[in-house]
Enquirer: 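Questions regarding the structure given below will be posed in turn.
Since this is a predicted model, take the numbers as computed values, not measurements.
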Amino acid sequence: MQQVDTHSISSFDVSITRCACALTLRGVDTRLRANSDGTLFQMGCKQAIVAFILLISLFHFASGYQLLFLPLSERTHMLVHLKLATVLAQRGHSIHFVTAGCHHEFAEQTAAQMAPAASLQFVTHDFNCSYHEQEKAAARLLSPLGEVRAIYRNVVGRADDMLHDSALMQQLEALAPQTDLLISDIFSFGMLLAAKLDISHIDIDVGTAGSLWEPVLYGAEPAASYIPAVGSFLPTTGMTLWQRAGNLGMTVVIRTLIRAAFWHPSSSLQLVVRKHRIPIQWPYTRALMVLVNSNFATEPPRAIPPNIQYVGPILPEPPQPLPEDLEQFLAAAGPHGAVLVSFGGTLQAPLSASKALVKVMSALQPVRFVWKVSKDHQAALAAATNVTQLENVWMSDWVPQNDLLGHPSVRVFVTQGGYLSMGEAAYHGVPVLGLPFIPGQAELIRFAYDQGRALFVPTKELEQGKVAHTVQALWRLLEDSSFRAAAQVVSRRLEAVQRPYKELAADWVEYAAAVREDGAFLHPVKVTQQWYQQAMLDVLLLFGTTAALAVLLGRMLLLRPSADETKRQRAMKHAEECLRPMLAYIEAAGSSSGCSDDDM
């Protein structure tokens, strides 16, 4: 290696200045020029650039942040956190990633596939994956409201278990003094751990309806006049008077329920706060910001404050070649192409609905189906249906979903409507048939429907074995080119950005780490106001009281006698008082004379 002497280092700044004109965004021109006395630079431009890059690299490494990731213990949520964590690790930051023991192998393998050179340090804790899967399965048997309550109690219970895990907390407490920022899933209740460890944090919204949390927790406007309340499934393209009236009522009810879930003294979350003596109080504004894994190219535009940043979809990538057997299966597809059927990383459709889907695939023999379904489900279907005899069906417990959606033969995507699946479908411009089996996932299907790139079928029909509407919807999506054209429009909008979404998300994490000591300065003051202050009810009460007092005072002034009239009344009263003795004397004199009218 060529040695650089001390004098060369001292002329570093001069060399860099003279080489600046040779630097461009596309490359580096290393041509050397002679100086005024005819000699070459003591330090050539090339050597100066190399030294400059080395110094920058050393500075970047020295200034790398210590970041702690706390995802929800669900594989779909972990994928987004792992993608972001690997990007930040490649930038030179130190990453500690909290994961359940039962997901440790998955997390390590996924991180290695995403970025082989990235180094993540995993912090594992006890977590009974099978127990929580059973709880989720039991919750699907409840009513929609009952299922939401069960999910809420489950995720709060996970936070409680984590805080109760002494071994885990000891590890995290040891890391806390060096940790610059906690990156937490919105469902992991990171504000609890951040308050417990006294560190700054940001939230990651991997996949929920943004209009559900943002107005209550982060200060966004509810916009009930044009943003449908979660669960209403009203159009995003404009609502009628009666629809807006109903939407306002639902918005108020939902916001009240969310406030109760977070702040009511008897709520599960508040019980955890008191149990672990966490120094946190309303309104929980410790989060510096929230990064949302979505985009206004796929959601209805609405006003949001600067502490909310839409940075997604983070996961979609340009497609990679498929495995040979899967490529051959798709290559044999006819003019109708193929349909991908997948309900996310862990969700399985109810067995009754899966049996109905077999009937759908049997009725659409010209179409090829790639179906992601667990091995247990495959065995149950093989015993109850003729799915193994269908030559147009390819089943597997894992499929490269992103690469399949980017394949030209895949024409339609059948999905439950989760954020990750809908983001990949939008990115690759594939129309969607939505079958939302759990609450909160029909919103994105409705958004896609309003954009003309999706249809949806009530899942109860499939669970009851009715397939006519599903077959009809699939044929429409396959034959009507308007659906694919609308999907391609959204895809073009998503791909128009110059910087990948994962890099944009990493930029915001670095920004939050840099300003972590400044507090939640991006939050609008609205998040610290009571609901009646946000609705200006106290101001309206003030205006109403002032108006009532003004009316009352006006009436009093109008009924009050004028000054002249008062003077006249006083003069008459004075005259009456003066004449009263004289009148009394006359009356008395007349009585004593004994005269009467008859005598006169």
Side-chain angles (χ1 to χ4, degrees), residues 139-140 142-152 155 186-187 205-262 290 292-304 308 310 347 415-419 421-423 425-426 432-463 469 473 486 490 531 534-535:
R140 296 189 197 111
L142 304 175
S143 65
L145 183 58
E147 185 172 0
V148 170
R149 292 180 62 186
I151 293 173
Y152 164 72
V155 293
I186 192 173
F187 278 123
D205 187 354
V206 168
T208 60
S211 57
L212 181 66
W213 308 108
E214 292 168 7
V216 179
L217 301 180
Y218 305 104
E221 296 299 326
S225 64
Y226 62 95
I227 298 298
V230 175
S232 67
F233 309 120
L234 292 170
T236 61
T237 53
M239 292 179 273
T240 66
L241 172 63
W242 292 110
Q243 286 175 332
R244 284 187 286 116
N247 191 56
L248 176 61
M250 284 197 66
T251 299
V252 171
V253 170
I254 290 173
R255 291 189 66 182
T256 302
L257 292 176
I258 293 176
R259 285 179 175 275
F262 274 84
V290 56
V292 184
N293 181 41
S294 188
N295 194 290
F296 285 129
T298 58
E299 292 201 24
R302 55 190 180 273
I304 57 174
I308 302 174
Y310 275 64
L347 178 67
T415 174
Q416 87 285 3
Y419 255 70
S421 295
M422 293 298 290
V432 166
L433 175 62
L435 300 175
F437 286 105
I438 61 176
Q441 295 190 319
E443 264 65 37
L444 296 181
I445 298 173
R446 177 69 207 216
F447 297 161
Y449 173 84
D450 289 342
Q451 292 180 328
R453 57 186 180 92
L455 295 174
F456 57 90
V457 175
T459 55
K460 290 298 181 183
E461 291 189 6
L462 284 177
E463 293 179 34
H469 287 165
V490 174
W531 63 271
Q534 295 180 17

Enquirer: Quick check: do I258 and W213 have side-chain heavy atoms less than 4.5 Å from each other?
Expert: yes

Enquirer: Please indicate whether R259 has more than 12 foreign heavy atoms, meaning atoms of other residues, nucleotides or ligands, lying under 6.0 Å from its CZ.
Expert: yes

Enquirer: Are the side chain of E443 and the backbone of G417 linked by a donor-acceptor contact shorter than 3.5 Å?
Expert: no

Enquirer: For T298 and N295, indicate whether the former's side chain and the latter's backbone hold a donor-acceptor pair under 3.5 Å.
Expert: yes

Enquirer: Test side-chain contact (heavy atoms from CB on, under 4.5 Å) on E214 and V292; report intermediate values, then the result.
Expert: CA-CA 10 Å; E214 292 168 7; V292 184; 3.9 Å; yes

Enquirer: Ignoring hydrogens, what is the shortest heavy-atom contact between A229 and M250? Give both atom names and the distance.
Expert: CB-CB, 3.8 Å

Enquirer: Specify whether F296 and Y310 have parallel, tilted or perpendicular ring planes, treating 30° as the upper limit for parallel and 60° as the lower limit for perpendicular.
Expert: parallel

Enquirer: Are the side chains of I227 and P222 in touch, meaning some heavy atoms are under 4.5 Å apart?
Expert: no

Enquirer: Can you give me the closest heavy-atom contact between P228 and M239, atom names plus distance?
Expert: N-CE, 4.4 Å

Enquirer: Do L444 and E299 come within less than 4.5 Å of each other through their side chains, counting heavy atoms only?
Expert: yes

Enquirer: Which value, rounded to the nearest 0.5 Å, describes the distance between L462 atom CG and H469 atom NE2?
Expert: 11.0 Å

Enquirer: Side chains of Q243 and P235: closer than 4.5 Å at any heavy-atom pair?
Expert: yes

Enquirer: Of all heavy-atom pairs between A224 and N247, which one has the smallest distance, and what is that distance?
Expert: O-ND2, 2.6 Å

Enquirer: Should F262 and V216 count as side-chain neighbours, where that means a heavy-atom distance under 4.5 Å?
Expert: no

Enquirer: How close do T415 and I445 get, heavy atom to heavy atom, and via which atoms?
Expert: O-CD1, 4.5 Å

Enquirer: Could you give the distance from CD1 (I186) to OH (Y218), rounded to the nearest 0.5 Å?
Expert: 3.5 Å

Enquirer: How far apart are the closest heavy atoms of P301 and Y226, and which atoms are they?
Expert: O-CE1, 3.6 Å

Enquirer: Once rounded to the nearest 0.5 Å, what's the spacing between atom CG of D205 and atom CG of L217?
Expert: 10.0 Å

Enquirer: Suppose we screen for ring-ring contact (aromatic ring centres under 6.0 Å, His included). Which residues come up paired with F456, at least two apart in sequence or across chains?
Expert: Y449

Enquirer: What is the minimum heavy-atom distance between L455 and A473, and which atoms define it?
Expert: CD1-O, 3.8 Å

